[in-house]
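These notes concern the structure reproduced below.
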Amino acid sequence: MPDSDVKLVPGQVVAEAWDLCLDSKDRRKSSTQFRRALVHDFSDGLTVNYAGDYPGGVTIQGFVTIPDHLEVPGSTTLAGNVRLESGFEAFGDARLEGKLVVRQLLVRLTTTIIGPQRVPVPMTIEIDVGQKIAELEKRLSNIQDNWRWCHKCMGLWFAGGPDTGRCPRDGQGHSLDGSGNYHLMG
Ligand SMILES: [Zn+2]
């Protein structure tokens with residue numbers, strides 16, 4: 001881009017530039033060179049807080065609506081608390097292509113319910129999603145698959161071993177004929 005320009009055309013302010021920067025020296029907490037608030041990026045997309053120029057991050061106040069779909073292409077780590085004071089609504093798909101690591105993620109939902117005599121009652125629900133995920137991971141790690149049902153002795157036997165064991169019905173190995181693959185949870 002040879003020159004940048006700001007134009008006023010009917011109904012629009014057009015900035016012919018890559019970056020829209022908001023930079024207030026007295027509010028800077030780091031000496032990062034740029035403060036790129038909005039960038040027309042290389043994939044013809046709009047990037048907010050380009051390259052993390054604002055060390056304080058992005059805060060969106062009020063109700064957030066994601067009308068199409070939410071995509072998290074890489075690995076995302078949520079290490080702090082996420083606070084939803086109003087509402088969060090996603091109308092389309094939420095897609096996660098990478099690995100999502102959640103540690104100590106506290107989701108706080110503050111809402112108002114209408115109680116008896118139509119009195120509004122403020123209500124706060126707190127869920128530690130990080131802890132829930134840790135519990136789920138622990139349960140999943142205790143699941144062992146490849147357990148089979150033996151039609152001869154009607155018992156379950158583990159087919160991941162070196163042989164088929166010894167069936168009490170006939171002294172031979174257990175059978176996996178007609179059996180599904182069962183998962184046992186420890
Ligand atoms: Zn058997």
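When a ligand or atom number is given, it counts from 1 through the structure's own listing order. Given the structure is predicted, the values throughout are model-derived calculations rather than measurements.
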What distance do Arg148 atom CZ and Thr164 atom OG1 have between them, rounded to the nearest 0.5 Å?
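Rounded to the nearest 0.5 Å, the CZ-OG1 separation comes out at 12.5 Å.
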Could you please tell me which protein N, O or S atoms lie under 2.8 Å from the Zn ion (ligand 1)?
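Per the 2.8 Å query on the Zn ion (ligand 1), atoms found are Cys150 SG, Cys153 SG, Cys167 SG, His174 ND1.
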Should Leu156 and Tyr182 count as side-chain neighbours, where that means a heavy-atom distance under 4.5 Å?
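The answer is yes; the side chains approach within 4.5 Å.
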Any salt bridge linking Asp23 with Lys25? Criterion: basic side-chain nitrogen under 4.0 Å from a carboxylate oxygen.
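Lys25 and Asp23: salt-bridged.
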Minimum heavy-atom separation for [X] and [Y], please, with both atom names.
X      : Y      : answer
Asn181 : Asn146 : OD1-N, 2.7 Å
Cys150 : His174 : SG-ND1, 3.7 Å
Gln172 : Lys152 : CB-NZ, 4.2 Å

